[in-house]
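Each chain gets a letter, A, B and so on, in the order the sequences are listed, and its residues count up from 1.
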There are 2 protein chains.
Amino acid sequence: MKNNLNITENIQICAVDFAFKRIGGKYKARILWYLFLKGVLRYGELSRTMPDITTKMLTQTLRELEEDKLINRKVYQVVPPKVEYSLSETGYELIPFIEHLHNWGKKQIAKEIEECEVCK
Amino acid sequence: MKNNLNITENIQICAVDFAFKRIGGKYKARILWYLFLKGVLRYGELSRTMPDITTKMLTQTLRELEEDKLINRKVYQVVPPKVEYSLSETGYELIPFIEHLHNWGKKQIAKEIEECEVCK
DNA sequence: AGCAATACATACTTTTTTGTATGTAACATA
DNA sequence: TATGTTACATACAAAAAAGTATGTATTGCT
């Protein structure tokens, strides 16, 4: 009676957890969302699009996304350097989810503004 | 030329970010997913279903979910105490997203096992 | 009186994540 | 020879999240 989980349920736990580990970072979803909206972007373009992300965090996050194969990284052997980032197929498969989240968020924000007395 | 974002895009950023703050915790999505799968659950039942979550984290996470109105908390004035948790309507609206994430995760896990030489 | 059941609370420590500040490489151009 | 451009790297500090251990309240039952 201690553990009444079946295998299927355990896999389900893991899958939600597994997925969350790959996109759970502070900026991951946003980066994926931007790559989706804008297509191929250079490092500097990403940086200028999201000025609140420091270069350290941007690089770090991009590396993690690349390791998990959610984005593609294309390096041009030129000076000054040129590196392009884009969504991978696997990363692209996460877009419907981010979109849902995005719509949900928009709706919630609207609701909170509506309920906010100070805002009236 | 420094900031070429328009208002619409800024709202989009915020929405993804906003949403992520509400379900970004280590256990939040899992708890919501379980409440969806099982319906109404008592504190102890949740705890037994997810034995890897300490009572401190479970309580803390449940409180945050409650504050953000993603779950309902119903207290029965009895001894020993009885408290029931369930998805709120707003929380329920997140289920399609968690489900998507869950399916994506399952697929990725399968893919990784397939690619794993050691597993063969 | 002592114990069990249930749903927590709280002080404190450890770990993880994020931020700050500064530095580097390579070449083209002034 | 100095400067600008681009895409980072790295040491260190701060902040946030999570974990550990222990305690509490109430009441029925033995």
At a cut-off of 3.5 Å, list every protein nitrogen or oxygen paired with a nitrogen or oxygen from nucleotides 19-23 of chain D, distance to 0.1 Å.
unit_1: D:dG19; atom_1: OP1; unit_2: B:Lys26; atom_2: NZ; d: 3.1
unit_1: D:dG19; atom_1: OP1; unit_2: B:Tyr27; atom_2: OH; d: 3.2
unit_1: D:dG19; atom_1: OP2; unit_2: B:Tyr27; atom_2: OH; d: 2.9
unit_1: D:dG19; atom_1: N7; unit_2: B:Lys56; atom_2: NZ; d: 3.0
unit_1: D:dG19; atom_1: O6; unit_2: B:Lys56; atom_2: NZ; d: 2.5

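- Partners of A:Thr55 under the side chain to side chain contact (heavy atoms under 4.5 Å, CB included) rule, at least two apart in sequence or in another chain, are A:Tyr43.
- Distance CZ (A:Arg63) to C1' (C:dT17): 18 Å, rounded to an integer number of Å.
- Among residues two or more places apart in sequence or in another chain, the salt bridge (charged side-chain N to carboxylate O under 4.0 Å, His left out) test is passed with B:Arg42 by none.
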Taking distance alone, no hydrogens or angles, what donor-acceptor pairs closer than 3.5 Å link side-chain atoms of residues 88-96 of chain A to residues at least two apart or in another chain?
unit_1: A:Ser88; atom_1: OG; unit_2: A:Lys69; atom_2: O; d: 2.7
unit_1: A:Ser88; atom_1: OG; unit_2: A:Leu70; atom_2: O; d: 3.1
unit_1: A:Ser88; atom_1: OG; unit_2: A:Thr90; atom_2: N; d: 3.3
unit_1: A:Ser88; atom_1: OG; unit_2: A:Gly91; atom_2: N; d: 3.0
unit_1: A:Glu93; atom_1: OE1; unit_2: B:Lys107; atom_2: NZ; d: 3.1
unit_1: A:Glu93; atom_1: OE2; unit_2: B:Lys107; atom_2: NZ; d: 3.3

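- Nearest-nucleotide mapping onto DNA chain C: of B:Arg73 and A:Gly25, the residue sitting toward the 5' end is B:Arg73.
- The pair B:Arg30-B:Asp52 counts as a salt bridge, with a side-chain nitrogen and a carboxylate oxygen less than 4.0 angstrom apart.
- In this view, A:Lys21 and A:Asp17 satisfy the salt bridge (charged side-chain N to carboxylate O under 4.0 Å, His left out) rule, not counting sequence neighbours.
- For the pair A:Glu45 CD and D:dC8 P, the interatomic distance rounds to 13 Å; values are reported in whole Å.
- Not counting sequence neighbours, the partners of B:Val40 by the side chain to side chain contact (heavy atoms under 4.5 Å, CB included) test are B:Glu84, B:Ser86.
- A:Arg22 forms no cation-pi arrangement with A:Phe20, by the criterion of a distance under 6.0 Å to the ring centre and an angle within 45° of the ring axis.
- Put simply, CD1 on A:Ile71 is 14 Å from P on D:dA7, counting in whole angstrom units.
- Among the protein residues, A:Tyr76 comes within range of no part of the nucleic acid, since none of its heavy atoms lies under 4.0 Å from any strand.
- Evaluation of the side-chain hydrogen bond (donor to acceptor under 3.5 Å, both in side chains) rule for A:Gln108 yields no partner, not counting sequence neighbours.
- Remark: B:Ser47 engages B:Leu58 in a side chain to side chain contact (heavy atoms under 4.5 Å, CB included) (not counting sequence neighbours).
- B:Leu41 places its CG atom 13 Å from the P atom of C:dC8, with the value rounded to the nearest Å.
- Following rounding to the nearest Å, B:Glu66 (CD) and C:dA7 (C1') show an atom-to-atom distance of 13 Å.
- The interatomic distance linking A:Lys82 (NZ) with C:dC27 (C1') rounds to 16 Å, in whole Å.
- With sequence neighbours excluded, no residue satisfies side-chain hydrogen bond (donor to acceptor under 3.5 Å, both in side chains) with A:Tyr27.
- Between A:His102 and A:Trp33, the ring-plane angle classifies as tilted under the 30° and 60° cut-offs.
- Rounded to whole Å, atom P of D:dT6 lies 17 Å from atom CG of A:Leu62.
- Cluster partners of A:Val78 are A:Tyr76, counting Ile, Leu, Val, Met, Phe, Trp and Tyr whose side-chain heavy atoms approach within less than 4.5 Å, directly or via other members.
- Note on B:Arg42: a side-chain N or O is less than 4.0 Å away from OP1 or OP2 of C:dA7.
- Atoms NZ (B:Lys21) and P (D:dA17) sit 10 Å apart, rounded to a whole Å.
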For nucleotides 24-26 of chain D, print each protein N/O atom paired with a nucleotide N/O atom at under 3.5 Å, atom names and distance only.
none

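- In the helix from C:dA1-D:dT30 to C:dA30-D:dT1, the end axes, each obtained as the rotation axis mapping the C1' atoms of four pairs onto the next four within a five-pair block, lie 30° apart to the nearest 10 degrees.
- Both B:Tyr43 and A:Gly24 sit near DNA chain C, but only B:Tyr43 has its closest nucleotide nearer the 5' end.
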